[in-house]
Structure formats: structure tokens, C-alpha cells
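Heads up: the structure comes next, in C-alpha cells.
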Amino acid sequence: MRSRLTRLVEHKWFDRTILLVILLNAAVLGMETVPDVVDRYGGALNWFEYVFISVYVAEMLLKLFVYRRSYFRSKWNVFDFLIIVSSLGFAWVFTGLRTLRILRVATASRLVSRLRPLRRIASSIMGSLPGVGWTVLLTLVLYYIFAIVGIHLFRDENPERFGTLPAAFRTLFELTTLEDWQGNVFPITSVNGWAWIYFLIFILAASFVLVNVILGIVVDSLSLHSEGEIIEAAREPDATNDDILRSELAKLRAQIDHIAYLMDEAESDP
């Protein structure tokens with residue numbers, strides 16, 4: 001029975017069916033944001049949610065039965081397990097609390113674990129977090145330095161943008177995203193023309209250099225992850241060929257042993 005369930009779980013149509021269920025679940029979650037649809041089909045939508053959760057639980061139990069402890073060796077299986085268990089709790093325990101039921105939208109995030117390109121991108125982002133973290137720390141140091149300099153230079157002329165440290169941080173963040181940079185820069189440069197130097201240096205350092213450094217780290221991590229998958233895929237045929245070769249050698253040894261047995265029997269006959 002376990003072998004049959006293993007073939008079922010590892011069949012490509014099994015994954016495709018679960019992917020279809022996840023897509024339908026995501027569509028239902030989107031429909032629940034439309035008041036007219038909820039008023040007319042609210043009961044049916046809730047019924048569909050229970051069906052989706054039942055399918056997820058059945059999938060999880062099948063894989064747990066087939067793979068046993070090895071199920072938790074995959075980080076994506078652990079991710080699915082946490083999402084399913086939390087969704088199950090919110091659906092059956094907290095059905096009366098609307099705020100907690102909203103958290104069931106996490107089931108749509110299972111698309112990341114089901115689609116290989118999304119898994120690759122997510123793994124690359126997770127792998128780049130250490131490098132991105134140091135870059136973010138460098139960005140905060142840059143913000144702190146420019147915020148203090150900006151407060152000393154422009155606090156009297158523009159206290160709304162550089163009156164306090166939080167206000168200066170907010171202004172510098174808007175400059176980093178280039179959101180309404182004219183509204184932040186022109187009122188100050190109209191009074192002090194040399195202030196262009198301050199804003200030009202910060203925008204070049206924060207908006208172009210540091211942001212591109214973060215993007216470069218993520219892209220580099222994605223490239224390394226893709227190379228690792230290519231190497232792993234290249235090794236798989238070799239492993240398969242080795243298994244086939246061992247199987248053929250075992251059969252050949254069995255045939256040789258059988259022939260030797262027949263020869264011994266023939267020699268022993270008078």
C-alpha cells in the first residue's frame with residue numbers, strides 16, 4: 001500500500017492537482033474581498049475554504065505516511081506544514097473571529113513552494129539576506145550621518161524636514177526612493193544654492209549606489225543558486241546510471257550462481 005501511495009504522491013498529476021487547488025483557493029480569497037460577491041455567495045465561499053483545507057490536510061497526511069521523518073528534511077515541506085496547520089486552526093477553532101480568519105490568506109503563499117521558479121527566487125532572496133543585512137546597516141549609518149549634517153545645516157530654514165532626527169530620516173528616505181524629491185530639495189536650495197551638493201551626494205550614494213548593491217547581492221545569490229541546481233541536475237543521471245548498473249550486475253551474479261549450481265548438479269549425477 002505504501003508503494004502505491006508513493007507512486008501517487010510522486011506522480012506529476014498529483015502536484016498539478018494540488019497546484020490547481022492552490023490557485024482556486026487564491027481566487028476564492030480574492031473574491032471574498034468583494035462585498036457584493038460575499039453577500040450573494042458567502043456561504044459557498046466558506047464551504048470552498050473548508051474543501052481546500054481538507055485537500056491540504058489530506059496531501060500533508062499522505063506525504064507524512066509515505067516519507068515519514070524524511071518529510072521534514074525539506075524546508076519547503078516544513079513551510080507547507082506550518083501553513084496547513086495554522087490554516088486548519090484558524091478555520092476550525094477561530095471561525096467566529098474575522099481578524100484571525102484573515103490569516104488564512106497565508107495558504108496562497110503555498111504557490112511559492114509548488115512552483116520551481118518561485119522556489120528558486122525565494123531561496124535566492126533568503127540566501128542573500130546576510131549580505132543585504134550588512135548593506136542595510138551601512139545604509140542606516142549613511143542615513144544617520146547625513147541626518148545629523150542636514151539638521152545642523154537646514155534646521156532653522158526647514159524645521160519640518162530637518163527639525164528632528166526622525167524627520168530628517170523620513171526626508172532622506174523619500175530622497176532615496178526619489179518620491180517628491182523636488183518638494184524636499186527645491187525649498188532648501190532656493191535659499192541656499194550650495195545645498196545642491198549635499199543632496200546630490202546623498203542621492204548618488206543612497207539611491208543609486210546602495211540600492212544597486214542590494215540588487216547585485218540578490219542577483220548574485222540567484223546566479224549561485226541556479227548554478228547549484230544545474231550541478232545537482234547534472235549529477236542525477238549519473239546516480240541513476242549507477243543504480244541501473246548495480247541492478248544489472250546483481251542480476252548477472254544471480255545468473256552465474258545459478259549456472260554454477262546447475263554444473264555442480266550435473267557433475268554429481270552418475
Side-chain angles (χ1 to χ4, degrees), residues 1-33 41 43-95 101-127 221-222 225-248:
M1 179 179 180
R2 187 179 177 187
S3 60
R4 294 180 179 178
L5 292 178
T6 302
R7 289 194 297 269
L8 172 64
V9 170
E10 295 179 352
H11 198 279
K12 62 180 180 180
W13 284 108
F14 182 84
D15 285 337
R16 292 178 180 178
T17 302
I18 298 299
L19 178 60
L20 178 61
V21 173
I22 295 173
L23 291 174
L24 292 175
N25 189 10
V28 170
L29 290 171
M31 294 171 65
E32 287 182 339
T33 62
Y41 305 105
L45 295 178
N46 289 332
W47 183 83
F48 275 119
E49 288 182 358
Y50 291 124
V51 172
F52 295 145
I53 293 175
S54 300
V55 173
Y56 298 152
V57 172
E59 177 207 7
M60 180 184 67
L61 293 178
L62 281 174
K63 289 187 174 181
L64 284 172
F65 178 77
V66 169
Y67 299 120
R68 306 292 174 86
R69 295 182 179 179
S70 60
Y71 173 83
F72 295 100
R73 293 179 182 175
S74 172
K75 59 184 178 181
W76 295 113
N77 286 340
V78 174
F79 174 78
D80 288 342
F81 178 82
L82 294 176
I83 293 297
I84 294 170
V85 171
S86 61
S87 301
L88 184 65
F90 293 139
W92 296 98
V93 180
F94 302 107
T95 52
R101 291 184 66 195
I102 294 175
L103 296 178
R104 286 185 299 177
V105 74
T107 54
S109 63
R110 294 194 65 207
L111 283 172
V112 177
S113 64
R114 309 305 302 190
L115 298 176
R116 178 166 299 193
L118 295 183
R119 288 203 308 265
R120 185 185 301 117
I121 295 174
S123 299
S124 302
I125 293 175
M126 295 297 294
S221 177
L222 179 60
H225 186 77
S226 299
E227 291 177 1
E229 285 192 344
I230 293 174
I231 294 174
E232 183 178 356
R235 290 175 178 174
E236 288 180 356
D238 295 338
T240 303
N241 291 334
D242 291 341
D243 294 337
I244 295 174
L245 181 60
R246 292 191 187 97
S247 177
E248 294 297 329

* Side-chain touch Phe72/Leu64, heavy atoms, less than 4.5 angstrom -> yes
* To do: Decide yes or no for Lys63 and Phe14: does some side-chain heavy atom of the first lie under 4.5 Å from some side-chain heavy atom of the second?
  => yes
Nearest 0.5 Å, please: how far is [atom2] in [Y] from [atom1] in [X]?
| X | Y | atom1 | atom2 | answer |
| --- | --- | --- | --- | --- |
| Asp15 | Glu59 | CG | CD | 7.5 Å |
| Leu19 | Leu24 | CG | CG | 9.5 Å |
| Leu82 | Asn77 | CG | CG | 11.0 Å |
| Leu8 | Trp13 | CG | CH2 | 14.0 Å |
| Ile22 | Asp80 | CD1 | CG | 7.0 Å |

* Are Arg69 and Tyr67 in a cation-pi setup, meaning NZ or CZ lies under 6.0 angstrom from the ring centre and within 45 degrees of the ring axis? -> no
* **Working for side-chain contact (heavy atoms from CB on, under 4.5 Å), residues Tyr56 and Val21** => CA-CA 9 Å; Tyr56 298 152; Val21 173; 3.8 Å; yes
* Does a sphere of radius 6.0 Å around CZ in Phe48 hold more than 12 heavy atoms from other residues, nucleotides or ligands, not counting ones at 6.0 Å or beyond? -> no
